[in-house]
Amino acid sequence: MQQDPDVIARTAEELVGDLNPQQGEAVQYQGPALLIGAGAGSGKTRVLTRRIAWILSQFGAWPSQILAITFTNKAAAEMRERLATLIGPVAQRMWVSTFHSACVRILRRDGQSIGLKSGFSIYDSADSERLIKIIATEFNLDVKRYTPRSILGKISDLKNNLTGWQEYLAAHAPDFTPGQRGYQFGHAGDLEAIHAVLYAEYEHRLGLANAVDFDDLIGRTVELLRKDPQVADYYHHRFRYILVDEYQDTNHAQYVLVRELAGVDARESADATPGGNGRFAGKTGPAWITVVGDSDQSIYAFRGADIRNIQDFEQDFPNAKTIMLEQNYRSTQTILDAANAVITNNEGRKPKKLWTAMGKGEPIVGYAADNAQQEAAWVAGEIARLHAEEGIAYSDMAIMYRANAQSRSLEEALINGGEPYQLVGGTKFYERREVKDALAYLQALVNPDDDVNLRRILNVPKRGLGDRAEGILLNYAREHGASFFYALMHVDEIQDMPTRTANQLRAFRDLMASLSQFTRAHDAKPSEVVAEVLDKSGLRADLEKSVDPQDASRLENLSQLQSTAAEFEQKTPDATLAGFLETTALVADSDQLPDEGEDSGKVTLMTLHTAKGLEYPVVFLTGMEQGTFPHSRAMEDISELSEERRLAYVGITRAKRRLYVTRAAVRSQWGQASDMMPSQFLDEIPDELVDWKRREAGVERMRGAWGRDEFDDDFGGWDDDFSSGTTFGGSGSSYGSSYGSGSRYGSSYGSGSSSYGSGSRYGGSSRSGSGSYGGSSYGSGSSGRSYGSGSGSRSYGSSGSRYGSGSGSSYGSGRSGSGSSHGGTRGGKVTTRRVAPKSGGSSAQPVSSLDKDNQLNIADFSIGDKVTHDKFGLGTVVDLQDKGRNSVITVDFGSAGTKRLMLRVAPIEKL
DNA sequence: CATGATTAATTCGCT
DNA sequence: ATTAATCATG
């Protein structure tokens, strides 16, 4: 067999010459099943891409014979890109894709044989939930007790385990037939019967709507491969090498899918000979499988990932080989020691120890704050310090947390500090209401059977068609055993309808009919269809006439949807509307992550889950408290706790050079403040690795003191010190040393200058706000896309940058030229709420340029000046430190003491 | 049918 | 605290 001339031939030396022995072995291994146990930062993507190149150039495989599977589109794109540099543009034609998009391709091609019509809809979880809710309501179920979400969760579990509805129904509610109306449950509490009935009915409706949900993409592909030998045979011959990334995250269905695709269990074709060697390696019999993963980084069990897939790999696949990669190229030994120490506490795990040739590096820095706000302020201060003093680019720093809700205080602190940040996660672009509305129109046009989407838009924008009208159509559809769309098209035949409703319905029918016609005529131009829909439906007009400032950004999101469609149209030769909808259905959060190496000039905020696979020179792990992390719901159960620990392991190993761990003694959630114990994971990090800047929070010292009746005054409100800048001041400050010994979190009260501590017992919540955050400037999209290219951009990267990026990212200020600028360090701030889904540059969310700056400039002060402070009163300036926007002045307030104040935020006035 | 008021929920989230 | 969803009312 001849090699594809398009593939750039690579010599063995080029492919493995610069790898370590284990990596090299993994790249070259010949055999039917290979598990690469890739510890964090061990160069797994590199090995995977090299192995693919090796298979092409050394085994003589054709690009079309390879299937490489990842979990995210971003990972797929990245792998494809790295492959392209290795083997050339032919990589663009290869199947390098996610599980889901590979399945879509298969189902689009061969789905007819299991009853899927082309143009089927892909429901996201919101669509699925809506459908479940519709069904549950019809069955008169108490939606409060049986939430659509929990029902869907159960259905998802069943699907992930490939339990079909037929099977489950037979076991728990054999007297129900899908499509049957007026079914009564035997007795109210039979959860399994309810699940069985809803599962069956849900599948029935999906079928009627010619739709599949995410889990179905996998499950139905498995079904297809099992039921249709011809199709199975086709893929068995087609894919000779299957490679799966992040194997520890696969669920049972995905595991079976891989087996079916590879033909591991299939009867071998007649000409099968045992997997040979040399140039014909892997060319007969089942496809050769390579999986890469790290069981210590399995953090998606809660969503069905089955860690046994990777643990039992050697038993599952005959003649399997395991190669472990334990040399880490990312982090310092200190960081790895911490990670190893933590993960060792998990039971039943294969011992594995990461090591590095990089050296010890700096100690981990710890900090115990009084509350979440102060924790955030300290982190923001430390980031400002690292940036100003050590020249570390903002984009080289990341703040991680367990739950999205924790981002709030961090965002506020960064806004206060004028530090640019971007938040990854939260609501996805394609799940935003207005975007979903527009997409629902498109979906309904492409797939008229899609009742869920059509019903969604019936009254969007408001056109006086409510539950009544919907019910009438629904009835008609049922009577005729037809779709909702069919009913709509036949409104004229429906009797006994209020004239008003009839008129509105006819108008809507005409709208859909005309849009439908337009769609057929312009199917190859999705962007034009989008424009037509936005225009004719009134979606755009509705938002345009609105005065709600939020709607401005919604409008912008719609226009971005149109741009995305245009972009899709340009880069896709045979573009169709259905094709475009597919791309929108399968994008996820992680696709929004900034590309590696790209200097966005912003600090990145994200959850630990989102952080998997990423790395940053400086990482802050915040909220290290029992109940926060590990999460309260996971603390009881040993397996859930183990997963939390793996999450901690993932978090720690994201850091390349410096790791910070912080916690808050008091955290308020759901409006209620509660005392938080330090996370057990902190205890699991060896003490000598951590340099505690503050081991115990002020309130904790007080708690101890109260207990012993020893506390006395001298507790200023924490905000006093906060503004005075102690938190970001030079190293050490006043804590640390006094807590260095003794019990780790014991009460070492009474020692040290206790300028911390809150006056009120739970000072946190009351003092949090200063209200500048919420309504006003945050959501108002008017200033829109000014950032990134706006006027008055300033360069923030200081010289001598330690971690490269000497370019010093510049970013625009929404507020051009405000305030006098000395040394070019005063400028607007940029807060990107989310990163745009794909198209370069702009974000889907508006940007705020609010500036809490007090307009004071270091240049205007000199020693001896008199100032007044909101709390301390009159004082005299005794020292000035020009650190640009983080300038500090030291003021003697007489009886109130001498304070160091961060000029930018201090509540002072020059006299 | 739309609007303001009340109530309930509320980890993480690849596709 | 926040927000989404539901409920009562104009």
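Convention: sequence-line order gives letters A, B, ...; per-chain numbering from 1.
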Sugar-phosphate, base or nothing in reach of A:D213, heavy atoms under 4.0 Å: nothing

Backbone of A:R308 reached by a side-chain donor or acceptor of A:D306 within 3.5 Å: yes

Spatial distance of atom CD1 (A:I652) from atom CG (A:L621) [nearest 0.5 Å]: 6.5 Å

Which nucleotide in B:dT11, B:dC1, B:dG13 has an atom nearest any side-chain atom of A:Y300: B:dG13

Between CD on residue A:E375 and CD on residue A:E625, distance to nearest 0.5 Å: 6.0 Å

Side chain of A:K462 - closest among B:dT11, B:dC12, B:dA2: B:dA2

Sidechain N-carboxylate O distance under 4.0 Å for A:E644, A:R402: yes

Parallel, tilted or perpendicular: rings of A:H609 and A:Y300 (30°, 60°): tilted

Dump the pairs, protein N or O against N or O of nucleotides 4-7 of chain C, anything under 3.5 Å, distances to one decimal.
residue: C:dT6; atom: OP1; partner: A:K133; partner atom: NZ; Å: 2.4

Side-chain H-bond candidate by donor/acceptor type, A:E434 with A:N557, under 3.5 Å: yes

d(CG, A:D245; P, B:dC14) in whole Å: 16 Å

Residue closer to the 5' end of DNA chain B, A:Q254 versus A:T147 (nearest nucleotide): A:T147

Atom-pair distance (CG on A:N404; P on B:dT10), nearest Å: 15 Å

Length of the CE-P vector between A:M606 and B:dC14, whole Å: 14 Å

Pair A:D127 + A:R130: basic N to acidic O under 4.0 Å: yes

Sugar-phosphate, base or nothing in reach of A:L647, heavy atoms under 4.0 Å: nothing

Those residues of residues 301-311 of chain A lying under 4.0 Å from DNA chain B by at least one heavy atom: A:F302, A:R303

Separation of atom CE in A:M635 from atom P in B:dC12, rounded to whole Å: 17 Å

Shortest side-chain distance from A:R468, nucleotide among B:dG13, B:dC1, B:dT11: B:dC1

Pairwise 5' ranking along DNA chain B for A:T607 and A:D467, keeping only the more 5' one: A:D467

Atom-to-atom span, CD of A:Q669 to C1' of C:dA1 - whole angstrom: 11 Å

Touch class at under 4.0 angstrom, heavy-atom based, for A:R149 against every strand present: base

Residues A:K133 and A:E129 bridged, charged N to O under 4.0 Å: no

Whole-Å distance separating the CG atom of A:L458 from the C1' atom of B:dC1: 13 Å

Whole-Å gap separating P (B:dC14) and CD1 (A:I69): 18 Å

Sugar-phosphate, base or nothing in reach of A:D215, heavy atoms under 4.0 Å: nothing

Rounded distance (Å) that lies between atom C1' of B:dG13 and atom CD of A:E129: 13 Å

Distance (rounded to the nearest 0.5 Å) between A:L257 CG and A:L225 CG: 6.5 Å

Of the listed nucleotides B:dC12, B:dC1, B:dT11, the one nearest the side chain of A:R500: B:dC1

Closest listed nucleotide, where the reference is the side chain of A:H609 and the choices are B:dT10, B:dG13, C:dT2: B:dG13

Under 3.5 Å side-chain donor-acceptor pair for A:Q248 and A:E246: yes

